[in-house]
Amino acid sequence: MKICVVGVGYVGLVAALSFAKYNNDIICVDKDINKIKQLNNGIIPIFEEGLEELLNTCIKNKKISFTQDLDVAIKKSEIIFIAVGTPTNDDWSVDISQVIHVANEISKAINKYKVVVIKSTVPVGTNDKIKKIFLNNGLNDKHFDIVSNPEFLREGKALNDFLNGDRMVLGCESKRALKILEKLYRPFNTKLIFTTPQTAELIKYASNAFLATKISFINEIANLCSKVNANIETISYALGLDNRISAEFLKAGIGYGGSCFPKDTKALVSIGKEYNSSFNIIESTIEVNENQRLLPVKLVCEHYNDLNGKIISIFGLTFKPGTDDIREAPSLYIINELLKKGAKIKCYDPMVSNEIKNIYPDIIYCNNIYETVDNSSCIIICTELMEFYNMNLKELAKIMNYPMLIDGRNIIDMEKAKKSGFQCYYSIGNGSYDNN
Ligand code: UGA
């Protein structure tokens, strides 16, 4: 099938390459000329496992190309995916201006029947708005159908999630369009759900908000564990064995980050307000997360009354392992707060590119964990990178000014920290001690 994908961010790129893998012919369109050049040369601008190999195979097989020319790409394609960004406005509403702009451009380029699929995460009613734009631009039902097809892939596991997702949601009332998409998705190992555009749009927000709520819930239980000497890891394990609860997203830590949960939870509250529908649970989820990500700052301040001039070592900057993405990462909120309190920050994250150095020019970026802890008064583990699991803790404790460890992702055993010479250790509901 001939497909055009507009927007080569995470979702657009993974979708395009997955379709190309199954022998469809893909033209990707993006306004960013640098991205287009890189991609046509087989270079992926983000880090995502397996993507670059697949891109090069698809380029070699002439199954994918990248261009800025939307008009030509639309005319050549039977299905058009819109996968452009939908950032958050200051009032938590969703900025759909890029989707609207692209829809206008697409409607001008349409020469015969096309299926237009909205993959971007958009508030309820957006598919209807797009349909109106097409109708206002002189098109009618014979020229197009609009389908809502939200995406559920995770960064770090994006390809696998797209190719073997739990479900693919298709929101549309046109049998003609659904037949075409059913054919497109047939080779994918997934369950198809056919519904209305409004329901499809809401499934996306409900999924992300529910997962975020699970995280905030387990984090509140973990915080109680710290006070009553109970163990969150055992509690999560026991909860997860109950199929009604499921074991996923019960890992306590310093909160969720990334480009999705923070944005989509706020969007759902804002959508609720628009329709006079309260979302107390989601509002609490957001509030719990905002406090949770600053928990390490609270702990370090309780230990040292004054942080002025103290070196704090941040292990891991990305919002989770397996990605180079730092958007809304808890580490950034922690660093900001520590800087305000006069601390000096040394950090280590092998995944993070130079762009962060422009955001935080005052921070010292180190090449390894040992450099990072030199003269340091505390380590804060913000991301559970593989290399932090089996660190030589004894060696780290020796180098530090004072061996204090805050394990924000519960990857270091308390007894091991004790034996290695750490004088002070905190986890998230998985034990703590302070020898002072
Ligand atoms: C999330 C959803 O999981 C995807 O299904 C969805 O498609 C995507 O958002 C999106 O809307 O595009 P992603 O943001 O890539 O995916 O990352 P997750 O793996 O969901 O993790 C999000 C955050 O939650 C991370 O900061 C992670 O550390 C944290 N987390 C996750 C926990 O603190 N505990 C857990 O048990 C699980």
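When a ligand or atom number is given, it counts from 1 through the structure's own listing order.
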Under 3.5 Å: N/O of [X] near N/O of ligand 1:
X      : answer
Gly257 : yes
Thr121 : no
Lys204 : yes
Ile215 : no
Ser259 : no
Leu153 : yes
Tyr256 : no
Glu384 : no

Show me which atoms of ligand 1 lie under 4.0 Å from any heavy atom of [X].
X      : result
Glu155 : 15 (O)
Leu250 : 36 (O)
Phe152 : 4 (C), 5 (O), 6 (C), 7 (O)

Do the side chain of [X] and the main chain of [Y] share a donor and acceptor less than 3.5 angstrom apart?
X      : Y      : value
Glu328 : Ser259 : no
Asp324 : Met351 : no
Lys320 : Glu155 : yes
Thr265 : Pro262 : yes

Taking 4.0 Å as the limit for heavy-atom contacts, which would you say applies to [X] with ligand 1: side chain only, backbone only, both, or neither?
X      : result
Asp161 : neither
Ile218 : neither
Tyr10  : neither

Taking the ring centre of each residue, are [X] and [Y] less than 6.0 Å apart?
X      : Y      : answer
Tyr185 : Phe19  : yes
Tyr256 : Phe249 : no
Phe422 : Tyr425 : no

Nearest protein heavy-atom contact for [atom]: which residue, which atom, what distance?
atom                    : result
atom 1 (C) of ligand 1  : Phe261 CE2, 3.5 Å
atom 34 (N) of ligand 1 : Lys251 O, 3.0 Å
atom 26 (O) of ligand 1 : Phe319 O, 2.8 Å
atom 3 (O) of ligand 1  : Arg154 CG, 3.3 Å
atom 37 (C) of ligand 1 : Phe249 CD2, 3.3 Å
atom 18 (P) of ligand 1 : Lys320 NZ, 3.5 Å

Looking at ligand 1, is there an atom of it that comes within less than 4.0 Å of some heavy atom belonging to [X]?
X      : value
Lys214 : no
Glu248 : no
Cys260 : yes

Distance alone, cut at 3.5 Å: any donor-acceptor contact between the side chains of [X] and [Y]?
X      : Y      : value
Asn223 : Gln292 : yes
Ser278 : Lys273 : no
Arg154 : Thr323 : no
Ser427 : Asn430 : no
Glu371 : Tyr348 : no
Thr213 : Thr285 : yes

For this session: Answer yes when Lys191 and Asp166 have at least one side-chain N-carboxylate O distance shorter than 4.0 Å, and no when they do not.
Result: no
